[in-house]
Amino acid sequence: MSTLLRKWQLPFLMLGPFIILISLFFFLPVVLITVLAFTGMDSSMQWAFNGLSNFKHFINDPNIWHILRNTFTYVFFTLLINVFFGLVLGILTTYFIQKESVGLLFRTLWMLPRITPPVVYVLLWLWFFDPSQYGVLNSIRALMHLSPVKWLASNPMTAIILANGLIGASYGMIIFSSAIKSIPGDLFQAARVDGASQWAIIKDIIIPAVRWPLMFVTLWQLLSLLTSYEYILLLTKGGPLYSSEVLALYSYHKAFQNFEYGYGSALALVLVVVALIMSAILLKIFGMNKLMGSSRIE
Amino acid sequence: MKKTTVCLFSTLILGMSVLTGCSQNAISGDSQKDGSNVITIVAQTAGAEKTRVDNLVKASEKLNEELKAEGKNVQVKVETKDFEGSWDDYAKQFMLAFKAKKEPDIYATGHENIGWLADGHYIQPLDEMKNSKAYSDVFPTLWNSVTYKGKTWGVLQDTEVRPVFYNKDILKKMGWTDQQINDLPEKVKKGEFTLDDMTKLAEEAKAKGFVQYGIVHRPVDGPDFQALAYDFGDKLYDSAENKIVFDKKAVAKQLNYYYDIAQKKLIPDQLTSMEWKNVHKLVVNGKTLFYYGGIWNVFNWSQDNYHDQLGKVDANWVNQHLGMMLIPAADKGGKPVTLSHPFVYTVSSQTKHPDLVKRLLELVADPKLQVDHDVKTYHLPVTKSAAEDPEFKGNVTLGHASYMLDYTTFLPNLEKFPKYSKDVFNAIQAVELGKQNPDAALKDLEVQLKNDLGDQLEIVE
């Protein structure tokens with residue numbers, strides 16, 4: 001018994017605080033949301049259990065299909081930018097720019113928005129899309145004597161996809177860069193000796209080599225995007241009307257603006273279930289076992 | 001193993017103390033040098049009108065004198081808090097503070113919040129205050145705004161009216177004489193100048209190039225939109241059933257009105273996405289003929305540099321360039337309307353000193369204190385004695401607007417009313433943006449309201 005205790009003593013000591021924190025800040029909220037989703041808790045903050053009412057409300061909510069469609073559009077296109085732009089940046093800064101210091105400089109530049117507070121980052125976008133003639137895009141139009149356009153109000157979804165997509169690309173860039181770096185250099189040399197074009201090198205060497213990181217980034221970003229809303233809240237508040245409202249933001253609005261805590265939790269629970277299903281499907285498709293296995297190169 | 005247990009235990013303790021760190025309630029009792037106990041009463045308000053709580057501090061001075069004269073070993077200290085942020089956040093902060101037992105004893109808020117505050121047992125009934133001497137000469141109609149489910153849940157702090165501001169300079173450019181301009185409010189009062197006339201005049205001003213826009217209204221959800229509903233005959237609330245009334249004919253007219261002014265390009269594109277400061281700028285810089293505003297806007301315009309050349313503008317400037325009228329009647333000979341949104345003091349149901357709080361609320365109703373707040377922030381008093389005060393009567397803006405109280409309306413206090421208001425605002429936004437015509441918007445609004453309000457909704461075909 002004491003041998004067993006001794007064996008687990010250190011891991012337990014090291015992991016204990018984190019297990020406590022994860023339980024408190026991640027696991028407990030999920031349990032709370034699940035319970036709350038079956039209550040009609042409103043501004044009076046009473047635990048009034050109401051069975052499946054919130055879910056019936058969800059199905060009958062006249063905005064819900066529009067919001068689900070927005071969520072799909074937002075997640076799909078942002079993910080596309082996140083992954084492909086991340087890959088392009090990764091290839092550019094590690095394969096095409098061979099000099100390590102220059103590549104590092106570019107990667108650092110792309111990391112800047114990620115370390116910038118969201119409010120500041122969004123302020124820059126707001127300035128970029130400002131509807132007056134002083135906005136960046138509108139001042140370019142003014143050079144061509146064109147009248148200012150209300151970019152954010154007329155294209156809110158494009159704006160939030162661009163803002164989220166560009167900031168998210170830096171994550172993929174870092175993962176892909178390190179994966180590309182781990183490709184043995186002689187593979188590239190051999191390809192060049194054989195007369196392979198740059199495109200052939202990318203298609204036949206780099207992309208197969210980063211297949212697993214590519215899948216991991218896709219899965220990770222997909223789950224993050226499903227539940228993210230802070231940039232949308234700061235940029236468009238989900239409007240005008242419901243044109244940039246996504247499910248996570250709708251849940252926030254219902255709970256903290258309309259004080260429908262029960263319904264807001266039900267919406268969040270739907271998101272949790274969607275995220276779990278998506279994870280299961282993607283892990284199955286991607287083959288998690290192979291992903292966790294040893295590298296194919298080497 | 002002992003070490004591990006100690007480590008784990010201390011981590012737990014540390015974690016728990018971080019989480020619960022500040023949950024201890026502030027000690028409200030303290031003693032002064034003269035040996036008397038000091039009781040702290042916390043009062044909170046939101047927005048720029050800090051006199052709402054500062055007046056309570058002044059009232060506490062009088063209360064302390066009274067307590068001393070009564071030989072009581074107690075003195076009251078009022079601690080003021082003000083909140084800067086949205087009204088939703090102000091409400092949310094109170095809910096959470098209440099649950100943590102850290103809420104203010106006196107919570108100043110718009111009267112329409114009484115429904116959810118009372119239903120959630122956050123505040124206590126104050127029926128006895130209605131009979132107190134201090135509030136004996138309150139304009140009787142104002143008590144309706146704090147009555148909910150047969151009880152009085154707050155005392156009135158101030159009220160206001162929401163006039164339509166019209167630009168005198170533009171009317172002059174359109175060939176109106178000074179006499180005609182000054183008679184406009186009277187014509188509106190008599191129902192001779194209708195909402196249609198207002199739209200036509202705005203069209204004319206725009207067509208002749210005197211203004212950029214004919215009409216501007218608030219950019220975010222708020223009571224003004226419901227004033228229009230009242231103008232079209234909506235009664236909004238059925239007090240016998242305690243339900244919100246969705247009068248489809250009146251709401252259809254309400255939506256048609258906003259659709260019409262948007263289609264005629266009388267309002268700015270995307271008005272509902274504009275920032276407040278830009279709305280104020282349009283008004284004081286003469287870019288719109290009419291503005292659905294509030295009397296307190298005169299205070300706002302004196303606080304910030306909205307005028308392109310002059311910066312801040314005072315009440316005299318406003319009176320010279322802008323006039324105020326009621327919202328014109330929908331039909332010829334009909335009754336014009338305005339809407340008041342009394343601000344009220346509510347008392348936490350958890351307060352430890354209900355008697356002292358109530359005495360404080362009686363003292364704060366002093367006409368001098370009311371008038372001080374009203375002339376500083378351009379609001380109207382709630383008692384007749386304050387309305388008779390020479391300083392109030394002599395005020396150039398307030399003196400011109402107090403007659404509007406005879407035409408005033410209020411929002412229902414019902415708990416779910418804010419949801420109704422938001423849904424109607426969304427429908428207005430949809431028709432103004434041209435995303436829906438009024439028929440489609442009305443249909444969607446009905447579905448939305450049924451879903452959001454359930455059995456608290458009464459539909460009138």
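Values below: all heavy atoms of this structure, side chains included; hydrogens, waters and symmetry mates excluded. Convention: sequence-line order gives letters A, B, ...; per-chain numbering from 1.
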> Using non-hydrogen atoms only, which part of B/Gln270 is less than 4.5 Å away from chain A: side chain, backbone, both, or neither?
side chain
> Go through the atoms of B/Lys416 and report whether side chain, backbone, both or neither lie under 4.5 Å from a heavy atom of chain A.
neither
> Strictly distance-based, threshold 3.5 Å: is any side-chain N or O of B/Lys422 a donor or acceptor partner for the main-chain N or O of A/Gln257?
yes
> Quick check for you: among B/Phe98, B/Trp87, B/Trp116, which has the greatest number of heavy-atom pairs under 4.5 Å with chain A?
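With the most close heavy-atom pairs to chain A, the winner is B/Trp116.
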> Go through the atoms of B/Asn451 and report whether side chain, backbone, both or neither lie under 4.5 Å from a heavy atom of chain A.
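The answer is both parts of B/Asn451.
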> Under 6.0 Å from the CH2 atom of A/Trp8, do we count more than 12 heavy atoms belonging to anything else shown?
no
> Can you tell me if A/Lys237 has over 12 outside heavy atoms packed within less than 6.0 Å of its NZ?
no
> Near A/Phe49 CZ, under 6.0 Å, is it more than 12 heavy atoms from other residues, nucleotides or ligands?
yes
> Looking only at non-hydrogen atoms, find the nearest pair between A/Gln46 and B/Gly120 and report the distance.
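Smallest heavy-atom distance, with atoms named: NE2-O, 4.4 Å.
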> Does any part of the side chain of A/Pro240, heavy atoms only, come nearer than 4.5 Å to the side chain of B/Thr272, both counted from C-beta?
no
> Please report the C-alpha distance between B/Glu432 and A/Leu241 in whole Å, then the side-chain angles of each, then the deciding distance to 0.1 Å, and finally whether the side chain to side chain contact (heavy atoms under 4.5 Å, CB included) criterion is met.
CA-CA 11 Å; B/Glu432 282 194 352; A/Leu241 220 51; over 6 Å; no
> Which heavy-atom pair separates A/Tyr242 from B/Asn426 by the least distance, and what is that distance?
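Here A/Tyr242 and B/Asn426 meet closest at OH-ND2, 3.1 Å.
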> Is the NZ atom of B/Lys265 crowded by more than 12 outside heavy atoms at less than 6.0 Å?
no
> Taking all non-hydrogen atoms of both residues into account, name the closest pair between B/Asp269 and A/Lys150 and its distance.
O-CE, 3.8 Å
> Side chain, backbone, both or neither: which part of B/Lys435 has a heavy atom under 4.5 Å from chain A?
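Just its side chain gets close to chain A.
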> Could you state the interatomic distance from CG (A/Asn258) to CG (B/Asp88), rounded to the nearest 0.5 Å?
7.5 Å
> Is it the side chain or the backbone of A/Phe259 that comes within 4.5 Å of chain B heavy atoms, both, or neither?
side chain
> Where on B/Ser273 is there a heavy atom nearer than 4.5 Å to chain A: the side chain, the backbone, both, or neither?
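B/Ser273 touches chain A through side-chain heavy atoms alone.
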> Please step through side chain to side chain contact (heavy atoms under 4.5 Å, CB included) for the pair B/Lys450 and A/Asn60, ending with a clear verdict.
CA-CA 10 Å; B/Lys450 277 182 188 165; A/Asn60 296 324; over 6 Å; no
> Which answer fits A/Phe58, side chain, backbone, both or neither, if we ask what part of it has an atom under 4.5 Å from a heavy atom of chain B?
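When you check distances to chain B, no heavy atom of A/Phe58 falls under 4.5 Å.
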> Walk me through whether B/His121 and A/Ser44 qualify under side chain to side chain contact (heavy atoms under 4.5 Å, CB included).
CA-CA 7 Å; B/His121 307 291; A/Ser44 58; over 6 Å; no
> Under 4.5 Å from any heavy atom of chain A, what part of B/Lys419 do you find: side chain, backbone, both or neither?
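Looking at B/Lys419, just its side chain touches chain A.
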> Can you tell me if CH2 on A/Trp127 sees more than 12 non-hydrogen neighbours from other groups inside 6.0 Å?
no
> Which atoms of A/Tyr263 are under 4.5 Å from chain B, going by heavy atoms: the side chain, the backbone, both sets, or neither?
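Neither the backbone nor the side chain of A/Tyr263 comes within 4.5 Å of chain B.
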> Against chain A, label B/Asn278 side chain, backbone, both or neither, depending on which of its atoms sit under 4.5 Å from a heavy atom there.
neither
